[in-house]
A.B. asks: 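Have a look at this one.
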Amino acid sequence: MRVYLTTPIYYVNATPHIGHAYTTIATDILARHHRQRGHETFFLTGTDEHGTNIPRVAAEAGLDVKAFVDRNAAAFREMTERVNASNDFFIRTTDPRHEAAVQEFVQRIYDAGEIYEDVYAGLYCPRCEAFYTEAELVDGKCPVHGIVPEYVEEKNWFFRLSAYQERLLDLYDRNPEFVLPRFRYNEARSFIEQGLDDISVSRASEQWGVPVPWDPGQTVYVWVDALINYWSALAFAREGEDLRPVLWPEVRHLLAKDILKFHCVIWPALLLAAGLDVPRQLFVHGYLLFGEQKMSKSLGNVIDPLDLIDVYGADPVRFYVVREVQFGQDGNVSIDGVHERYERELGNDLGNLVSRTTAMIARYRDGRLPAATVAGAGGDQLAGLGDDVAQQLESFDITGALERIWKQVRSLNALVEERKPWELAKDDSGAAALDGTLYELADGLRAVAVVLAPYLPETAPRILESLNQPLDLSWEGVASGKAVPVEGIKPAAPLFPRVEAPSAAA
Ligand code: MSP
């Protein structure tokens, strides 16, 4: 199986906040999971660096445009690294190789007769880099940014999007899982059903962009330029190799609902026009809200993921965002919430279980984990875990899969309470039961570490290390009885040491 996963490429008009980190983290969890299962996986993220907004914001910052995009692209790259994303490449749309691919792509569509010249007159939100009709505005303002759109009138090149309505509807009807979750599929499909207008794919007044190859006085509309990254990157992401024939169209795009129309409607139509295959699947997630509002730089209500990572580490932040908000829905996040889950779930449920298990093996068995001799009284504790999680992650249910794993963590804790190893240790009659219990706990924790590794890539190996188990994260490990007999297990240091509560730290 081949899996090509993408995040949107983020605008460099601002610096990253936790909303951007969210999509990157979610995509990374899927990428790590697929790699674990031996699937050929490629994970792409990057930055969107053209558009009318950028020169203006650069000027406001008193910087030359290139210096400005370099600086902010570096901030996104840093965010990507700090959340521990395992991306295979980081694309920047100012990369000349991407720019050349954009020209080639639009030329194909032009040659196919799907682009024509006309006069555009209408309303444009430079923050969205999108055109709006009067009806779409709220009190005359952009529905996303609440600013009055600019009236634009110029000669543009237009793409015959309207001609793709039937083909798009057919595509949706043949692939009921083309867009997930289902309510987003319905939203995209009904948008297409209402009828599509042709779209402007060039700007006459903007220099900061990719020149239209047959009319170099104009630049390619930033959204067309940006969408093409998913295709262009494959040509040069790996030195000396063209991955396009290998990975296209095995692509799964992840994005939030703000850019559904571009990805679920315009992008497949552009691909069809260029004679290319449409993406395999798209997953549209919701918004992380802060104080019930969409977090965004322009609203000034952002959480900086790097500040949180400085305090809690990358794993707890990764864990929090996908656990707190059902992936696909909107949900509130807060710094107190991060702290609370850090203490209660990571510290108590998981961290303490590792501490207790290793401490009991050290104390009652002198650090020795015997081979599995006693079948657990409760049957196979781990039955179904691997299949359940794999199935949920295949349908992008990152939150559901994590809850399934947490159920396992809770049942291991329950096992300690039930079997009471400290009582079994009192005399020899409990020896076999004690061996069996300690084995089940260590083996269960080992399997949990493997299945959790995509979520907690730093913590998982530490769990295996504390149990002196091989650092093998392959999927076969998500099953019972794979813990190997070892010696020298010592009481583990806390995985999630105490952190000052945010109010105290502030
Ligand atoms: N540059 C375009 C995307 C081009 S893709 C070909 C863009 N950039 S953006 O910087 O505005 O990023 C939008 C994306 O960032 C969202 O679709 C989502 O993936 C992520 N998010 C930004 N804020 C978010 C939240 N508050 N909540 C959830 N996701 C958020 O649009």
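Values below: all heavy atoms of this structure, side chains included; hydrogens, waters and symmetry mates excluded. Just follow the structure's listing: the first ligand is 1, and inside any ligand the first atom is 1.
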A.B. asks: Under a 4.0 Å N-O cut-off, is there an ion pair linking Asp95 with Arg97?
C.D. replies: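 So Asp95 pairs with Arg97 through a salt bridge.
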
A.B. asks: Regarding ligand 1, does Ile9 bring an N or O atom to under 3.5 Å of one of the ligand's N or O atoms?
C.D. replies: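 Yes; the residue has a nitrogen or oxygen that sits under 3.5 Å from a nitrogen or oxygen of the ligand.
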
A.B. asks: Show your reasoning for whether ring pair (Phe, Tyr, Trp, His ring centres under 6.0 Å) applies to Phe327 and Phe283.
C.D. replies: CA-CA 10 Å; Phe327 197 54; Phe283 187 89; 4.8 Å; yes

A.B. asks: Using distance alone, with no hydrogens and no angle criterion, decide if Thr459 and Asp315 have a side-chain donor and acceptor under 3.5 Å apart.
C.D. replies: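 There is such a pair (donor and acceptor under 3.5 Å, judged by atom type) between the side chains of Thr459 and Asp315.
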
A.B. asks: Can you tell which of Gly51, Gly19, Pro16, Gly331 gets a heavy atom nearest to atom 24 (C) of ligand 1?
C.D. replies: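 Heavy atom nearest to atom 24 (C) of ligand 1 belongs to Gly19.
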
A.B. asks: If you measure every N or O of Asn229 against every N or O of ligand 1, does any of those distances drop under 3.5 Å?
C.D. replies: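 No - when backbone and side-chain N and O of Asn229 are compared with those of ligand 1, no distance drops under 3.5 Å.
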
A.B. asks: Report, in ascending order of atom number, the atoms of ligand 1 lying under 4.0 Å from any heavy atom of Leu227.
C.D. replies: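 That gives atoms 6 (C) of ligand 1.
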
A.B. asks: Is there at least one pair of N or O atoms, one from Tyr287 and one from ligand 1, spaced under 3.5 Å apart?
C.D. replies: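 Min N/O separation from ligand 1 is not below 3.5 Å for Tyr287.
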
A.B. asks: With a 6.0 Å cut-off on the ring centroids, do Phe178 and Tyr185 count as close?
C.D. replies: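 They do not qualify: ring centres at least 6.0 Å apart.
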
A.B. asks: May I ask you to list the atoms of ligand 1 that are less than 4.0 angstrom from any heavy atom of Ala226?
C.D. replies: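 Per the distance check, 6 (C).
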
A.B. asks: Backbone or side chain, does any N or O of Leu288 fall under 3.5 Å from an N or O of ligand 1?
C.D. replies: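 Yes, Leu288 has an N/O under 3.5 Å of an N/O on ligand 1.
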
A.B. asks: Side chain, backbone, both or neither: which part of Tyr22 has a heavy atom under 4.0 Å from ligand 1?
C.D. replies: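 It is the side chain that gets close, since no backbone atom is under 4.0 Å.
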
A.B. asks: Evaluate whether atom CD of Glu241 has more than 12 neighbouring non-hydrogen atoms of other residues, nucleotides or ligands under 6.0 angstrom away.
C.D. replies: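 Counting neighbours around CD of Glu241, more than 12 heavy atoms of other residues, nucleotides or ligands fall under 6.0 Å, so yes.
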
A.B. asks: Under 4.0 Å, counting heavy atoms only: does His285 come that close to any atom of ligand 1?
C.D. replies: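 His285: in contact with ligand 1 (<4.0 Å).
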
A.B. asks: Is there any N or O on Ala256 that sits under 3.5 Å from an N or O of ligand 1?
C.D. replies: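 Ala256 vs ligand 1: N/O contact under 3.5 Å present.
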
A.B. asks: Distance alone, cut at 3.5 Å: any donor-acceptor contact between the side chains of Arg56 and Asn53?
C.D. replies: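 Yes.
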
A.B. asks: Between Asp198 and Tyr116, do the side chains contain an N or O donor and an N or O acceptor separated by less than 3.5 Å?
C.D. replies: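 The answer is yes; a qualifying pair exists.
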
A.B. asks: So is Gly286 touching ligand 1 or not, going by heavy atoms under 4.0 Å?
C.D. replies: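 Contact check Gly286 vs ligand 1: positive.
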
A.B. asks: Is there at least one pair of N or O atoms, one from Asp258 and one from ligand 1, spaced under 3.5 Å apart?
C.D. replies: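 Between Asp258 and ligand 1, an N or O pair is found under 3.5 Å apart.
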
A.B. asks: Residue-level breakdown please: for Leu254 versus ligand 1, do any non-hydrogen atoms fall below 4.0 Å on the side chain, on the backbone, on both, or on neither?
C.D. replies: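 It is neither part, as no heavy atom is under 4.0 Å.
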
A.B. asks: Select one of side chain, backbone, both or neither to describe which atoms of Lys257 lie under 4.0 Å from any atom of ligand 1, heavy atoms only.
C.D. replies: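 The answer is neither.
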
A.B. asks: Pairing donors with acceptors under 3.5 angstrom, does anything connect the side chains of Tyr11 and Glu49?
C.D. replies: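 Looking only at side-chain atoms, Glu49 and Tyr11 do not form any donor-acceptor pair under 3.5 Å.
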
A.B. asks: Among Trp223, Tyr230, Tyr11, which one has a heavy atom closest to atom 10 (O) of ligand 1?
C.D. replies: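 Looking at heavy atoms only, Tyr11 sits closest to atom 10 (O) of ligand 1.
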
A.B. asks: Parallel under 30°, tilted from 30 to 60°, perpendicular over 60°: which one fits the rings of Tyr230 and His253?
C.D. replies: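 Geometry flag for His253 against Tyr230: tilted rings.
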
A.B. asks: Find all atoms of ligand 1 within a distance of less than 4.0 Å from any non-hydrogen atom belonging to Asp48, and give their numbers and elements.
C.D. replies: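 Under 4.0 Å from Asp48, ligand 1 has these atoms: 1 (N), 2 (C), 4 (C).
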
A.B. asks: Check the pair Arg244 / Asp242 against salt bridge (charged side-chain N to carboxylate O under 4.0 Å, His left out), numbers first and verdict last.
C.D. replies: CA-CA 6 Å; Arg244 288 176 299 187; Asp242 186 354; 3.1 Å; yes

A.B. asks: Please verify whether a non-hydrogen atom of His17 lies at under 4.0 Å from ligand 1.
C.D. replies: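 For ligand 1, residue contact (heavy atoms, under 4.0 Å) with His17 is present.
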
A.B. asks: Verify whether one side chain among Arg32 and Gln36 offers a donor that lies under 3.5 Å from an acceptor in the other.
C.D. replies: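 No, no side-chain donor-acceptor pair sits under 3.5 Å.
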
A.B. asks: Any idea which atoms of ligand 1 are less than 4.0 Å away from a heavy-atom of Thr23?
C.D. replies: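 Per the distance check, 18 (C), 19 (O), 20 (C).
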
A.B. asks: For residues Tyr221 and Phe159, establish whether the separation of their ring centroids is below 6.0 Å.
C.D. replies: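 When the ring centroids of Tyr221 and Phe159 are compared, they turn out to be at least 6.0 Å apart.
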
A.B. asks: Give the atoms of ligand 1, by number and element, whose distance to some non-hydrogen atom of His263 is under 4.0 Å.
C.D. replies: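 This gives 5 (S), 6 (C) as the contact atoms.
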
